[in-house]
Engineer: 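Quick one: structure below, then a few questions.
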Amino acid sequence: MMVNQSLHAQGDDTLPMVRGRLTPSAPLAPLVWFKSGGTAQWLFEPADVDDLVAFLGDLDPSIAIMGLGLGSNLIVRDGGVPGVVVRLGKAFASVEQLDDTTLRCGAGAAGILVASRARDAGIAGLEFLRGIPGTVGGFVRMNGGAYGREVSDILTSCEVVTRSGQRRTLSREDLGYTYRHSSLPIDAIVVAAELRGSRGDPAVIGAEMDRIAAEREASQPLRSRTGGSTFKNPAGHKAWALIDQAGCRGLTRGDAQVSEKHCNFLLNLGSATSADIETLGEEVRDKVRATSGVELEWEIQRVGVFADDANKELVGVTK
């Protein structure tokens, strides 16, 4: 792979040289499912783990870092993301079988790929990953789940690169998993994970994956510009039912809409800004609070700064 020119020659003496691709002012809208939002100050696509380790180890500690997977559960605010967004590509998308029940998966591998490899290897218990629209890195970070299962049920360990450029192996217990949450800091990049299931019949596993795919197709707006499930299910409730009860099905703001097919999904009907989408989400939260007294918590991550925010600081996940 061609080595990038020194960024010192481009007027920035704070960023180290890389073997992968480092792009200034990179548009993020094409990389996220909502197709909205601003630019990354820098987008780094490392050649491999060693490239990522060297880059983070040499990078000024004051520069913010954020990982990006498929962009399926993310609102990038219109003012963009300061610092460096790290996107893991094909070099991080491998899936290999370690033993009869365990797969080692690169953080860039999509859930559907992992589930398919597990099926082919006769490993049951990972079928639900077919229903998670994201990559291993993203669903390990947020304890992604669907159809009664979640990543904490199958993860044995993961490998991360810390903000200081150190490689660490963390056990499931180290991650402090709760519902759709882990204790991983936003600037730690997951690069691989080991997932364990049990022995099963590939035909039975495949049939369950087909059932999940058909159920998703029937109940979710999969062919729209969306971010997946918007809000976490509160204890004892389904978020979609609370939203429906509050009269929000089909609610719009600009070109942002609450899906009529599944009202825990927000849609970009064409030209919605991230501000339109996020503001619509906050309106839904207000209406649900007013009608049921329940406080919905965002499941979708919202990162970056608002378009009118001159203070370029990374904004992390908020409730």
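Note that the numbering runs from 1 along the sequence shown for the chain.
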Engineer: State whether R249 and E260 are salt-bridged, where the test is any N-O pair (Lys NZ or Arg NE/NH1/NH2 against Asp/Glu carboxylate O) under 4.0 Å.
Structural biologist: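 Here R249 does not pair with E260 in a salt bridge, since their nearest N and O are not under 4.0 Å apart.
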Engineer: Taking all atoms of both residues into account, what is the closest heavy-atom pair of D48 and F92, and its distance?
Structural biologist: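 Smallest interatomic distance, heavy atoms only, reads C-CZ, 3.4 Å.
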Engineer: Evaluate the side-chain proximity of T162 to I189: yes if any heavy-atom separation is below 4.5 Å, no if none is.
Structural biologist: no
Engineer: Tell me which one of T156, T102, D100, D99 satisfies side-chain hydrogen bond (donor to acceptor under 3.5 Å, both in side chains) with R196.
Structural biologist: T102
Engineer: State plainly whether one hydrophobic cluster holds both V95 and V49, where clusters connect Ile, Leu, Val, Met, Phe, Trp and Tyr through side-chain heavy atoms under 4.5 angstrom apart.
Structural biologist: no
Engineer: So, D51 side chain and A47 main chain: donor-acceptor pair closer than 3.5 Å or not?
Structural biologist: yes
Engineer: Grab the two heavy atoms, one from L59 and one from P16, that are nearest each other, plus how far apart they are.
Structural biologist: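 The answer is CD1-CD, 3.8 Å.
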Engineer: Mind checking the CD-CZ spacing from Q220 to F265? Nearest 0.5 Å is all I need.
Structural biologist: 3.5 Å
Engineer: Is any side-chain heavy atom of R225 closer than 4.5 Å to one of L267?
Structural biologist: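 SC-SC contact between L267 and R225 ruled out.
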Engineer: Identify whether I123 and I154 are in the same connected component of the hydrophobic contact network (ILVMFWY, side-chain heavy atoms under 4.5 Å).
Structural biologist: yes
Engineer: Regarding D286 and R289, does a basic nitrogen lie under 4.0 Å from an acidic carboxylate oxygen?
Structural biologist: yes
Engineer: Considering only NZ, NE, NH1 and NH2 on the basic side and carboxylate oxygens on the acidic side, decide whether E282 and R302 come within less than 4.0 Å.
Structural biologist: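 Here E282 pairs with R302 in a salt bridge, since their nearest N and O are under 4.0 Å apart.
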Engineer: Hey, is R180 close enough to E150 for a salt bridge, meaning N to O under 4.0 Å?
Structural biologist: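 Salt bridge present between R180 and E150.
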Engineer: Do L43 and R87 make a side-chain contact, defined as non-hydrogen atoms from C-beta onward lying under 4.5 Å apart?
Structural biologist: yes
Engineer: Quick one: pull up CG in N73 and CD in E299 and give me the separation to the nearest 0.5 Å.
Structural biologist: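 Between atom CG of N73 and atom CD of E299 there are 5.5 Å.
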Engineer: One thing to verify: whether E159 and R168 come together as a salt bridge, which I'm taking to mean a side-chain N less than 4.0 angstrom from a carboxylate O.
Structural biologist: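 No.
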Engineer: Could you pull out the closest heavy-atom pair between I75 and S274, with the gap in Å?
Structural biologist: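 Taking every non-hydrogen atom into account, CG2-CB, 3.8 Å.
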Engineer: State the CG-CD1 distance between N268 and I277, to the nearest 0.5 angstrom.
Structural biologist: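 One finds 5.0 Å between CG of N268 and CD1 of I277.
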Engineer: What are the two closest heavy atoms between L88 and V86, and how far apart are they?
Structural biologist: CD2-CG1, 3.9 Å
Engineer: Do P234 and L296 have side chains that get closer than 4.5 Å, going by heavy atoms?
Structural biologist: yes
Engineer: Give a yes or no answer on whether the side chain of R172 reaches the backbone of S157 with a donor-acceptor pair at less than 3.5 Å.
Structural biologist: no
Engineer: Backbone N or O of K261 within a donor-acceptor pair of the S259 side chain at under 3.5 Å?
Structural biologist: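 Side chain of S259 to backbone of K261: a pair is present.
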Engineer: When you group the ILVMFWY residues by side-chain heavy-atom contacts below 4.5 Å and let the links chain together, are V151 and L175 in the same group?
Structural biologist: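 Hydrophobic grouping puts L175 with V151.
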Engineer: Do V81 and V305 come within less than 4.5 Å of each other through their side chains, counting heavy atoms only?
Structural biologist: no
Engineer: Under 4.0 Å between a Lys/Arg side-chain N and an Asp/Glu carboxylate O for E208 and R211?
Structural biologist: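 The answer is yes: the pair qualifies as a salt bridge.
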Engineer: Starting at NZ of K232, measure out to OH of Y179 and round the result to the nearest 0.5 Å.
Structural biologist: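 Separation between the atoms: 8.0 Å.
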Engineer: I'd like to know if I186 and L68 are part of one continuous hydrophobic network [Ile/Leu/Val/Met/Phe/Trp/Tyr, side-chain heavy atoms within less than 4.5 Å].
Structural biologist: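 Yes, same cluster.
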Engineer: Find out whether L251 and E283 are in side-chain contact, i.e. whether some heavy atom of one side chain is under 4.5 Å from a heavy atom of the other.
Structural biologist: yes
Engineer: Atom CG of N143 and atom CG of L155: how far apart are they, to the nearest 0.5 Å?
Structural biologist: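 Interatomic distance, N143 CG to L155 CG, rounded to 0.5 Å: 9.0 Å.
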Engineer: Nearest 0.5 Å please: distance from the CG atom of L74 over to the CZ atom of F34.
Structural biologist: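 Output value for this atom pair is 9.0 Å.
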Engineer: Measure the shortest side-chain to side-chain distance between L266 and T226 over non-hydrogen atoms and say whether it is less than 4.5 angstrom.
Structural biologist: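 A side-chain contact is absent here, since even the closest heavy-atom pair is not under 4.5 Å.
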Engineer: With hydrophobic residues grouped by side-chain heavy-atom distances under 4.5 Å, do V32 and M66 end up in a single group?
Structural biologist: yes
Engineer: Would you mind reporting whether T230 and V284 have side-chain heavy atoms less than 4.5 Å apart?
Structural biologist: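 No - every pair of side-chain heavy atoms lies 4.5 Å or more apart.
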Engineer: Please work out whether the ring planes of F231 and W298 are parallel, tilted or perpendicular, with thresholds of 30° and 60°.
Structural biologist: tilted
Engineer: Could you check whether R149 pairs with E127 (Lys NZ or Arg NE/NH1/NH2 to Asp/Glu carboxylate O, under 4.0 Å)?
Structural biologist: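 No, this pair does not count.
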